[in-house]
2 protein chains.
Amino acid sequence: MRADAKANHDHLLVVAGTVITEHGVDASMRDIARRAGVGLATLLRHFPTRESLLEAMLRTSFDELTTKAAEVETTSPPADALLAWLRDFVACTTNYRGVVTSMVNAIEDPESALHDSCVTMRAAGTRLLTRAQAAGAARTDIDGADLFALAASLAWLGDQPALEPRVERLFGVVMGAVLVKG
Amino acid sequence: MRADAKANHDHLLVVAGTVITEHGVDASMRDIARRAGVGLATLLRHFPTRESLLEAMLRTSFDELTTKAAEVETTSPPADALLAWLRDFVACTTNYRGVVTSMVNAIEDPESALHDSCVTMRAAGTRLLTRAQAAGAARTDIDGADLFALAASLAWLGDQPALEPRVERLFGVVMGAVLVKG
DNA sequence: ACCTGAACACCGTTCAAGT
DNA sequence: ACCTGAACACCGTTCAAGT
């Protein structure tokens, strides 16, 4: 990649982060290009789809979450590890309003740029769930995809201004149903 | 209202129901007008906002849900009544993809055409919850707004093609956390 | 290699002109 | 009273032309 192209690429990611934090995942691509000082066509050549832009923007956060999952798996008791990681997952996706819906739409579409990240996230959560189930700390009649769906629904709650204040408590209610009282 | 206007009004509601069932709540207003055989401006004079169209389209279903709430309150045990009504609420909103998000956005905005319907739904659910709590059948550390949020999050799950097959089971998981084992 | 303006087919809003 | 076409400012997609 040429130096000027690389500069555009990186700057676009920074600006996209700002604009999407402000306006959510459906922010205008034209607006992102405008605020980055490049033509719309330039943005679209770097990131041909909205999802490819999202993927690039979120990659760092997703990598951190994957690392974190491996970490808590060895340092925390099963139930604590699961809860802590899910809390981070929900907090991370809630940073960008609407992104959890894009992720959920991508999980069964291998063509989507977000597909791999979603599968990785679900697998990380599944490992923590399986570990908790093996320790008798989580109910065994749900699987990793169920857990992913519940986490996504809590992230969606966090995206709604009218419901956001209740997410923390509802996180406790829902996860209380996943964990086995011990 | 003039007879031709009344005919347009009613026909627009039928067509809107079809189009929104197919394409979700963000369906093109132009498309609805086109398929109803009227100009876009005519649709917009009958229903000046998307939410006013949604409200008119959903009014019948909402009225039925309100009636149903009063009904089960007198005919079913508290826990059964609560579960049955919530199941109907989720099924009803899931008929039109995305509508639950519009409702949630409207609940704190008195200007929205959907506001009153949402408040009514939440109140109906709250009554059933309070009754269950008084009977010792539901946990007492959540309120009607929490219940509304949980129901909305389950309806959102039902809107996502990749997650919809899990809604029924997850409904059981989440509501199992609301009810007190007896 | 990389960038861009312009044409295109959409969208919802608004309103002057028609019946 | 009620309806409508057209102008407007947006949107994302595409591509020929420029550096």
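In this text the structure is predicted, and so the values were computed from the model without any measurement. Just so it is clear: chains get the letters A, B, ... in the order the sequence lines come, proteins before strands, and each one is counted from 1.
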Q.
Checking contacts here: which listed nucleotide (dG12(D), dC3(D), dC3(C)) is nearest the side-chain heavy atoms of Met29(A)?
A. dG12(D)
Q) Given that both distances must come in under 3.5 Å, which nucleotide forms a Watson-Crick or G-U wobble pair with dG18(D)? A) dC2(C)
Q.
Just by distance, no angles: are the side chains of Ser112(B) and Glu51(B) close enough, under 3.5 Å, to form a donor-acceptor pair?
A. yes
Q: Can you tell me the distance, in whole Å, between the CG atom of Leu54(B) and the P atom of dG12(C)?
A: 12 Å
Q. If you check the Arg2(B) side chain, which of dC15(C), dA1(D), dG12(D) turns out closest?
A. dA1(D)
**Q.** Carboxylate-amine/guanidinium contact Asp159(A) Arg97(A), below 4.0 Å
**A.** no
(Q) Using heavy-atom distances to pick each residue's nearest nucleotide on DNA chain C, tell me which of Arg30(B) and Gly37(A) is more 5'. (A) Gly37(A)
Q | Shortest side-chain distance from His46(B), nucleotide among dC3(D), dG12(D), dG12(C) | A | dC3(D)
Q: Select one nucleotide: of dC2(C), dG12(C), dC2(D), the one nearest the side-chain heavy atoms of Ala5(B).
A: dC2(D)
Q. Which nucleotide, in any strand shown, forms a Watson-Crick or G-U wobble pair with dA9(C), with both distances under 3.5 Å?
A. none
Q | Which nucleotide in dG12(C), dT13(D), dG5(D) has an atom nearest any side-chain atom of Leu44(A) | A | dT13(D)
Q | Arg45(A) side-chain N/O to dC2(C) phosphate OP1/OP2 under 4.0 Å | A | no
(Q) Using only atom types and a distance under 3.5 Å, with no angle test, would you say the side chain of Arg59(A) pairs donor to acceptor with the backbone of Leu54(A)? (A) no
Q.
Checking contacts here: which listed nucleotide (dT4(C), dC2(D), dC11(D)) is nearest the side-chain heavy atoms of Val38(A)?
A. dT4(C)
Q) Can any side-chain N or O of Asp146(B) pair as donor or acceptor with the backbone N or O of Asp143(B) at less than 3.5 Å? A) yes
Q) Phosphate oxygens OP1/OP2 of dG12(D): is one of them under 4.0 Å from a side-chain N or O of Ser28(A)? A) yes
Q | Side-chain donor/acceptor of Thr42(A) to backbone N/O of Val38(A), under 3.5 Å | A | no
Q: Quick one: label His9(B) by what it contacts on the DNA or RNA (base, sugar-phosphate, nothing), any heavy atom closer than 4.0 Å.
A: nothing
Q) Can you find a side chain N or O atom of Asn8(B) that sits less than 4.0 Å from OP1 or OP2 on dC3(D)? A) yes
Q. Can you tell me how far P of dC11(C) sits from CG of Asp31(B), to the nearest Å?
A. 7 Å
